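The structure appears below as structure tokens.
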Protein chains: 2
Amino acid sequence: MVLKKGNTFDLLSLYSSLKKDLKKIDQALLDIVISEESPIIEAAAHQLLGAGGKRIRPIFVLICARLGDIDKEAAMKLALSVELIHSASILHDDVVDDSDVRRGRTSVKAMWDNHVAMYAGDYLFAKSLTSVATLNNPLIHDVLSQTTYELSLGEIEQIRYQYDSTQSLRVYLRRIKRKTAVLIAASCQLGAIAGGMEDKAKRLYLFGYYVGMSFQIRDDILDYTMTEAEIGKPVGGDLQQGNITLPAFIAMEDPVLKRQIEKINEKTTSSEMVDVLEAIRTSGALEKAQNISEKYLQKAVAVLDEFNDPKATKPLRQITNYLLDRAD
Amino acid sequence: MVLKKGNTFDLLSLYSSLKKDLKKIDQALLDIVISEESPIIEAAAHQLLGAGGKRIRPIFVLICARLGDIDKEAAMKLALSVELIHSASILHDDVVDDSDVRRGRTSVKAMWDNHVAMYAGDYLFAKSLTSVATLNNPLIHDVLSQTTYELSLGEIEQIRYQYDSTQSLRVYLRRIKRKTAVLIAASCQLGAIAGGMEDKAKRLYLFGYYVGMSFQIRDDILDYTMTEAEIGKPVGGDLQQGNITLPAFIAMEDPVLKRQIEKINEKTTSSEMVDVLEAIRTSGALEKAQNISEKYLQKAVAVLDEFNDPKATKPLRQITNYLLDRAD
């Protein structure tokens, strides 16, 4: 399925129809973090309200719910909840940045920041639960608890396979599924539930899963291509920190590159990374990874095609392509 | 209400009637941590299955549920869930021990341990949610989410009021309520729900709240009286780490002691603590704190007296006194 020109205008109208709801969600997020005065709440606020919050997950909840007969109150609570889970998980990801450890910056300040980030994450996570507590549908609690569980397994696997160049591609795919795709999938599934379409919930989950996989692979490619200024962290930081992602897996098909990648460990410096990163970049691995990302996107669109209702599913196609920077 | 001699035997029979259920809970906890191989899961296992796990909270769920017409499946799931929340919260409390920071032990190892403890906590917390997800009663989700929220506020306040000798006693009582009493209260309330006694849930919550307050105050006293060998951490560690608890509040009624306590900060060493700790110990503050702990216990028992059913509530009285080391 190829999107046609002209979607840009439609996307604006899509956003304008969502604008009011997203504003309400922003207000609800603000309410959560203005109540108390504390460095922890400030950290939570910074994460929630800082620049770059595209509210991808709330948007998927709302658009999926609109496919059916939306229960507005439930949809808004669920949208808030998934955004809070996402923010909590980012805060915990920021704790104990191994690159800081490696560079000897294990200062009291760094430890203090860790403490604050962890508790800020705990706080937002607790809020994600209170947001949906009163929704009287065990399926909702089942989806959210399973999602949280998968997220925590993703965290565990990220540590377990750090700097492990013998791990299989399957292990990588499972990890990004757990760390990213499952929450986007759950957002779509919960939207279906809030739209009274429990029969379509599994298909929309699958749609969200494919979108999430495509999205994360694209993110993993960007780690190799964006400049430090654009990305806010060192280029190739994933690989240096032992997070072996799809480009590295593809590059390792070349035995020479494989040996170079195998040598990377906790002590490898940024200057020692320059050559291997350039070799991966020029190996064609990024293009191959991009192809795989696009294949997941095509699968997502194929799920929408099953609905046999191009008009109703149009907003989902638009937003998917927009989020993946392919709104052309 | 004064307990009579001979309760020891009854307590054993109480335990023997609970034994089967507690064994099942231990097995369920084991199942949670044998599935995966990872340092994080090992940390979780160590916390869950290590020595000293009295399973206080599961016991309160089960005994309260037995006051009514127990839904065994629900009671067991809830018992498991509260124990997992408790274990997760302890793991997060262990992260970033400020005393380590102060003593310059901000090693890579300490940072790694922090990472592991945090994710182990996240994992157990996620498991606490999956345990109860399928229970179709919004009240359960409401109680658990509120409890988690209060716990996270307790964490936030612990940091906010660290080394703050100007905080009021009310702030301390609210903090121990959130950090300890609320989860024990919720255990009793959830037991009531699993026993089909939603009408009694609020009273049993109150009972658990009083027990929890009494219990935490007693714990805060023990920090001043137990030896390092008994308690596994330095005597008076609470005060040295800026956690101002009831004995210190009472001691500060004496202006001389107040000035000594006000001087304690992040840099105060253990040897500098010796004098002030001894002064608090001999000030009568511990005895006064003990009286307050006992008053909470009396309030707990008074709630049970309202039930007008000494036989049915006997196990709760026994277990309460046993847990507070007053089984005489």
Side-chain angles (χ1 to χ4, degrees), chain A residues 36-41 44 88-89 92 95-98 100-102 104 106-108 110-112 114-116 118-153 155-160 266, chain B residues 36-41 88-89 92 95-98 100-102 104 106-108 110-112 114-153 155-160 266:
Chain A
E36 302 255 346
E37 192 190 306
S38 134
I40 290 167
I41 303 290
S89 127
H92 281 194
V95 168
V96 195
D97 181 355
D98 289 329
D100 276 352
V101 178
R102 206 166 45 239
T106 55
S107 58
V108 173
M111 295 288 269
W112 165 256
N114 273 342
H115 214 168
V116 167
M118 181 182 70
Y119 284 145
D122 287 355
Y123 174 75
L124 293 186
F125 191 67
K127 277 291 187 180
S128 80
L129 297 180
T130 57
S131 171
V132 296
T134 53
L135 295 179
N136 190 7
N137 183 340
L139 185 55
I140 287 171
H141 300 288
D142 198 24
V143 171
L144 284 173
S145 69
Q146 276 300 329
T147 304
T148 307
Y149 175 56
E150 295 268 350
L151 267 171
S152 85
L153 288 181
E155 291 172 342
I156 288 170
E157 288 171 357
Q158 186 141 322
I159 290 195
R160 184 174 170 190
E266 290 89 341
Chain B
E36 302 256 344
E37 190 190 308
S38 132
I40 290 167
I41 303 291
S89 127
H92 281 194
V95 167
V96 196
D97 182 356
D98 289 329
D100 277 353
V101 177
R102 207 166 44 239
T106 55
S107 59
V108 173
M111 295 288 268
W112 164 257
N114 272 342
H115 214 167
V116 167
M118 180 182 70
Y119 284 144
D122 287 355
Y123 174 75
L124 293 185
F125 191 68
K127 277 291 187 179
S128 81
L129 297 181
T130 56
S131 170
V132 297
T134 53
L135 295 178
N136 189 8
N137 183 340
L139 185 54
I140 287 172
H141 300 289
D142 199 22
V143 171
L144 284 173
S145 68
Q146 276 299 329
T147 303
T148 307
Y149 174 56
E150 296 268 350
L151 266 171
S152 85
L153 288 181
E155 292 172 341
I156 288 170
E157 288 170 357
Q158 187 140 323
I159 291 197
R160 185 173 168 190
E266 291 90 341

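Computed from a predicted model, the values in this text were never measured in an experiment. Throughout, protein chains are lettered first and strands after them, A, B, ... in sequence-line order, and every chain is numbered starting at 1.
Taking the six-membered ring where the residue is Trp, Phe125(B) and Phe125(A) present perpendicular rings, their angle passing 60° and hence far from 30°. The aromatic rings of His141(B) and His141(A) lie parallel to each other, with less than 30° between the two planes, well short of the 60° mark.
Rounding to the nearest 0.5 Å places CG of Leu139(B) at 10.5 Å from CG of Asn136(A). The NE2 atom of His115(B) sits 11.5 Å away from atom CE of Met118(A), with the distance rounded to the nearest 0.5 Å.
Scanning for side-chain contact (heavy atoms from CB on, under 4.5 Å) contacts around Leu151(B) gives Ile85(B), Ser89(B), with sequence neighbours left out.
Most heavy-atom pairs under 4.5 Å with chain A, from the set Val143(B), Ile40(B), Asn137(B), Ile140(B): that is Ile40(B).
Taking each heavy atom of Ala126(A) and Tyr149(B) in turn, the nearest pair found is CB-CA, 3.6 Å. Closest of all the heavy-atom pairs between Asp122(B) and His92(A) is OD2-ND1, 2.7 Å.
You'll find the side chain of Leu144(B) stays beyond 4.5 Å of the side chain of Leu129(A), heavy atoms only.
The list of salt bridge (Lys or Arg N to Asp or Glu O under 4.0 Å) pairs with a residue in residues 126-152 of chain A, not counting sequence neighbours, reads Glu150(A)-Arg178(A).
For Ser145(A), the parts lying under 4.5 angstrom from a heavy atom of chain B are both the backbone and the side chain.
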